[in-house]
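One structure is given here, and the rest of the page talks about it.
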Amino acid sequence: MSTNPTLTSGARMVVTAHDPNGTSVIQYDSTVEAFSPFGPTMSSFVHFDERGSVPVDNQQTAPQMQTEKIPRVAAGGVSFGVTNLAPRHSAPMHRTVSLDYGVVLAGEVVLALDGGAETTLRAGDVVVQQGVNHAWHNRTDEVCRIVFCQVGARKIRLASGEELEETVIKLPPS
């Protein structure tokens, strides 16, 4: 994975498995292409793997990925991928019903919360998001690349009993 990514940068993905005798083998080794649902100058995604439930069955073949979708995780599942955030671009405020582990691989990004808090994350920084409403702002002239592992979670339930719903970013009409 390039340390100077572009919006079209895919990533090499290697998947391991077992042969019938239990010997470890390389099952897949190829580049996964970036998907740009908002157009070529906006953010892009590289979706590596998604499982519908945990624990996973490591004896099953890794699922064929639907790479041209914005990564979202099933309620009891996990998802793994990369987001390339365009220079001088923002991802609007949104919430996913998931626990998200993120690591900034290149560039920097401002994480903004609906309560007004902001913090800047740089290459090597880690974020653990617990279903919060948030936005991303790349205020630099470089692409910011973040790897995410999303784990399906329960909805946030407030003291009033209200549950916070997912507020996802919608694809533009085709």
Side-chain angles (χ1 to χ4, degrees), residues 1-87 89 91 94 96-109 111 121-131 134 136 138 140-153 166 168-172 174:
M1 208 174 299
S2 172
T3 56
N4 296 311
T6 67
L7 290 175
T8 58
S9 294
R12 180 179 176 210
M13 181 173 76
V14 176
V15 178
T16 61
H18 295 93
D19 71 12
N21 298 318
T23 303
S24 302
V25 296
I26 303 292
Q27 181 182 48
Y28 178 87
D29 184 348
S30 188
T31 298
V32 179
E33 298 301 323
F35 165 57
S36 301
F38 305 107
T41 62
M42 304 299 261
S43 297
S44 64
F45 304 92
V46 183
H47 197 187
F48 298 121
D49 193 53
E50 181 179 295
R51 306 297 171 106
S53 64
V54 291
V56 299
D57 181 349
N58 278 334
Q59 291 183 290
Q60 290 183 337
T61 302
Q64 183 68 27
M65 292 308 305
Q66 179 186 350
T67 56
E68 292 197 0
K69 73 172 201 160
I70 295 176
R72 289 293 174 260
V73 63
V78 295
S79 177
F80 181 55
V82 163
T83 298
N84 296 311
L85 192 61
H89 177 73
H94 62 286
T96 56
V97 181
S98 57
L99 171 64
D100 302 344
Y101 299 103
V103 181
V104 178
L105 300 177
E108 69 178 57
V109 66
L111 169 62
L121 302 167
R122 295 177 178 85
D125 289 347
V126 174
V127 61
V128 178
Q129 292 193 129
Q130 300 181 107
H134 64 285
W136 298 105
N138 183 348
T140 75
D141 293 323
E142 304 295 326
V143 170
C144 178
R145 178 169 264 202
I146 310 168
V147 64
F148 283 103
C149 179
Q150 295 180 298
V151 180
E166 185 171 66
V168 297
I169 300 168
K170 305 284 187 202
L171 282 175
S174 5

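Throughout, residue positions are numbered sequentially from 1 according to the sequence presented. Here the structure is a predicted model, which is why all the values come from computation and not from measurement.
Looking only at distances, a side-chain donor or acceptor of H134 sits under 3.5 Å from a matching main-chain atom of H94. Side-chain atoms of S44 come within 3.5 Å of backbone atoms of L7 as a donor-acceptor pair (strictly under, hydrogens ignored). Judged by distance alone, with hydrogens and angles left aside, the side-chain atoms of H18 form no donor-acceptor pair with the main-chain N or O of V25 at under 3.5 Å. No donor-acceptor pair under 3.5 Å is formed between the side chain of D125 and the backbone N or O of V104. Without hydrogens or angle criteria, N21 side chain to T23 main chain gives no donor-acceptor distance under 3.5 Å.
Between L99 and V128, the closest side-chain pair of non-hydrogen atoms falls below 4.5 Å. Put simply, the side chain of V143 reaches to within 4.5 Å of the side chain of P5, judged on heavy atoms. S36 is not listed as a side-chain neighbour of M42, based on a closest heavy-atom distance of 4.5 Å or more. Contact annotation: the side chain of V82 never approaches that of F148 to less than 4.5 Å [non-hydrogen atoms, C-beta and beyond]. You'll find the side chain of Y101 stays beyond 4.5 Å of the side chain of V147, heavy atoms only.
The two atoms that bring Y28 and T31 nearest to each other are OH-O, 4.4 Å, heavy atoms only. In plain terms, the two heavy atoms of F48 and G81 that are nearest each other are CD1-CA, 3.5 Å. Looking at every heavy atom in both residues, N84 comes nearest to R145 through OD1-NE, 2.7 Å. Contact record, G10 with V46: CA-CG2, 4.1 Å, taken as the closest heavy-atom pair. Scanning both residues, L85 and V109, for their nearest heavy atoms gives CD2-CG2, 3.5 Å. The shortest non-hydrogen separation linking T41 to A86 is O-CB, 3.5 Å.
By the salt bridge (charged side-chain N to carboxylate O under 4.0 Å, His left out) test, E142 is found to be paired with no residue, residues two or more places apart in sequence or in another chain being considered. Applying the side-chain hydrogen bond (donor to acceptor under 3.5 Å, both in side chains) test to D100 and every residue at least two apart in sequence or in another chain returns T96, S98. Remark: T8 pairs with T6 by the side-chain hydrogen bond (donor to acceptor under 3.5 Å, both in side chains) rule, at least two apart or across chains. Residues passing the salt bridge (charged side-chain N to carboxylate O under 4.0 Å, His left out) test with D141 are R88, sequence neighbours excluded. Residues satisfying the salt bridge (charged side-chain N to carboxylate O under 4.0 Å, His left out) test with D29, not counting sequence neighbours, are R12. For H89, there are no ring-ring contact (aromatic ring centres under 6.0 Å, His included) partners two or more places apart in sequence or in a different chain.
Residue L105 holds its CG atom at 8.5 Å from CD1 of I146, rounded to the nearest 0.5 Å.
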